[in-house]
Amino acid sequence: MTSGAERFRALHHMRVPGDPLVLPGPWDAASARVFADAGFPALATPSAGVAASLGYADGQTPADEMFAAVGRIARSVDVPVSADVEGGYGLAPRELVERLLEAGAVGCNLEDSEGGVLKDADRHADWLAEVRDAAADLLFLNARVDVFAYGDGDPGQAVRRAALYVAAGADCVYPIGAPAEVLPLLRSGIQGPLNAFARIDGASPAELGELGATRVTFGPGLQRRAAEALGDVAAGLRS
């Protein structure tokens, strides 16, 4: 029987240009069911969106609450769910893997910055290798590269970090915040699947796929758009 992680991993391979894997970001069980019912084959939680749904600022969600939220989302749908668990909450690799699996996640995002500062890439790669060893093939590891978010935006540095993380066992790399026009350069230098960040009012997923993205995620963008729509409804009720 094919595991959820194997199903999820397979979705990243044999993609053709212009047809990336599009992963909406549910922030609770209700939004997860909406996306699954719409036909998306997998979902990827955004830590900022989940934080907002729980009443926390981005990066301030306690680990127990984040894993509980991921568990509710994963239980509510029949499609694979990957979880954004930020920097791992200081957990040892084996405990991190155990908690992800207990929550029902098939993959995770792990970022290479802390407090807005890039981590040492070699040490982070060593840590990722420990996570890979603990997870074996039971989790899809998406290694976030924060050069464009908190570094100097140098594509060369992003490629170097990505190479270290892929060598450590990452299944995919995620240079969050990389401008669309830089994606072809990143694609040419990065082995394996490449995750691009999409803005609702920016380049379409198909356009990002043509530029080299294997998969497309939205961060908290969908949660924020839903909150804006609810705000409009609320304003109408008040008027």
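The first residue of the sequence shown is numbered 1, and numbering continues consecutively from there. The figures that follow rest on heavy atoms only: side chains count, while hydrogens, waters and symmetry mates do not. Here the structure is a predicted model, which means the values were calculated and not measured.
Between Leu194 and Pro175, some side-chain heavy-atom pair lies under the 4.5 Å cut-off. The closest side-chain heavy-atom distance from Val81 to Phe8 is not below 4.5 Å. At least one side-chain heavy atom of Leu222 sits under 4.5 Å from a side-chain heavy atom of Trp27. The side-chain heavy atoms of Pro20 and Thr214, taken from C-beta on, include no pair separated by under 4.5 Å. Residues Phe35 and Leu23 are not in side-chain contact: their nearest non-hydrogen atoms beyond the backbone lie 4.5 Å or more apart. Residues Ile176 and Val145 have side chains not in contact (no heavy-atom distance under 4.5 Å, counting atoms from C-beta outward). A 4.5 Å side-chain heavy-atom check between Tyr165 and Leu110 finds every atom pair outside the cut-off. Between Met66 and Asp84, every side-chain heavy-atom pair lies at or beyond the 4.5 Å cut-off.
Donor-acceptor pairing under 3.5 Å is lacking for the side chains of Arg144 and Asn109.
With a 6.0 Å radius and a threshold of 12 heavy atoms from other residues, nucleotides or ligands, Asp232 has its CG atom above the threshold.
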Practice task
Decide yes or no on side-chain contact (heavy atoms from CB on, under 4.5 Å) for Asp64 and Arg99, but give the supporting numbers first.
Solution key: CA-CA 9 Å; Asp64 287 349; Arg99 298 201 66 175; 2.8 Å; yes
Exercise for the section: Please test Val22 against Phe40 for side-chain contact (heavy atoms from CB on, under 4.5 Å), starting from the C-alpha separation and ending with a verdict. Expected result: CA-CA 8 Å; Val22 179; Phe40 289 97; 3.9 Å; yes
Practice task
Could you walk me through whether Arg9 and Asp171 pass the salt bridge (charged side-chain N to carboxylate O under 4.0 Å, His left out) test, one step at a time?
Solution key: CA-CA 8 Å; Arg9 192 171 282 112; Asp171 294 284; 3.1 Å; yes
Handout entry: Verdict with reasoning, Val85 to Leu96, per side-chain contact (heavy atoms from CB on, under 4.5 Å)
Key = CA-CA 9 Å; Val85 289; Leu96 175 61; 4.3 Å; yes
Practice task
Report the C-alpha separation of Leu186 and Val159 in whole Å, then their side-chain angles, then the decisive distance to 0.1 Å, and conclude whether the side-chain contact (heavy atoms from CB on, under 4.5 Å) test is met.
Solution key: CA-CA 6 Å; Leu186 297 176; Val159 168; 4.0 Å; yes
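Hydrophobic clustering (ILVMFWY, side-chain heavy atoms < 4.5 Å, transitive): Leu139 and Tyr174 are in distinct clusters. In this structure, Tyr150 is not a member of the same hydrophobic cluster as Phe148, with clusters built from ILVMFWY side-chain heavy atoms closer than 4.5 Å. The hydrophobic clustering, which links ILVMFWY residues whose side-chain heavy atoms are closer than 4.5 Å, places Val117 and Leu128 apart. By the rule that hydrophobic residues join a cluster once side-chain heavy atoms approach within less than 4.5 Å of another member, Leu185 and Val216 end up as members of separate clusters. In terms of hydrophobic clustering, with Ile, Leu, Val, Met, Phe, Trp and Tyr side chains grouped at heavy-atom distances under 4.5 Å, Leu43 and Leu11 are assigned to different clusters.
Of the inter-residue distances, the one linking Ile73 atom CD1 with Ser31 atom OG reads 6.0 Å to the nearest 0.5 angstrom. With values rounded to the nearest 0.5 angstrom, Glu210 atom CD is found 9.5 Å from Asp19 atom CG. Between atom CZ of residue Arg199 and atom CZ of residue Arg225 there is a gap of 13.5 Å, rounded to the nearest 0.5 Å. Note that CD of Glu111 is 11.5 Å distant from CG of Asn142, once rounded to the nearest 0.5 Å. A distance of 9.5 Å separates OG1 in Thr217 from CG in Leu21, rounded to the nearest 0.5 Å. Remark: Leu54 CG to Asp28 CG distance equals 9.0 Å, nearest 0.5 Å.
Considering all non-hydrogen atoms of both residues, Pro24 and Ala42 come closest at CD-O, 3.9 Å. Scanning all heavy atoms of the two residues, the minimum distance from Pro46 to Pro220 falls at CB-N, 3.9 Å. In terms of heavy-atom proximity, His13 sits nearest to Pro193 at CE1-CG, 4.2 Å. For the residue pair Trp127 and Gly88, the shortest heavy atom distance occurs at CH2-CA, 4.4 Å. Considering every non-hydrogen atom in both Gly104 and Ala74, the closest pair reads O-CB, 3.8 Å. Residues Ala196 and Ala213 share a closest heavy-atom pair of CB-CB, 3.6 Å.
Checked by atom type and distance alone, the side chain of Arg33 never pairs as donor or acceptor with a backbone atom of Asp37 at under 3.5 Å.
The aromatic rings of His12 and Phe140 lie parallel to each other, with less than 30° between the two planes, well short of the 60° mark.
Ala63 meets the side chain to side chain contact (heavy atoms under 4.5 Å, CB included) test with Phe67, Tyr89; sequence neighbours excluded. Residues that satisfy the side chain to side chain contact (heavy atoms under 4.5 Å, CB included) test with Leu118, not counting sequence neighbours, are Asp112, Ser113, Asp146, Val147, Gln157, Arg161.
Judged as a side chain to side chain donor-acceptor pair (under 3.5 Å), the pairs with a partner in residues 49-63 (not counting sequence neighbours) are, in order, Tyr56-Glu65.
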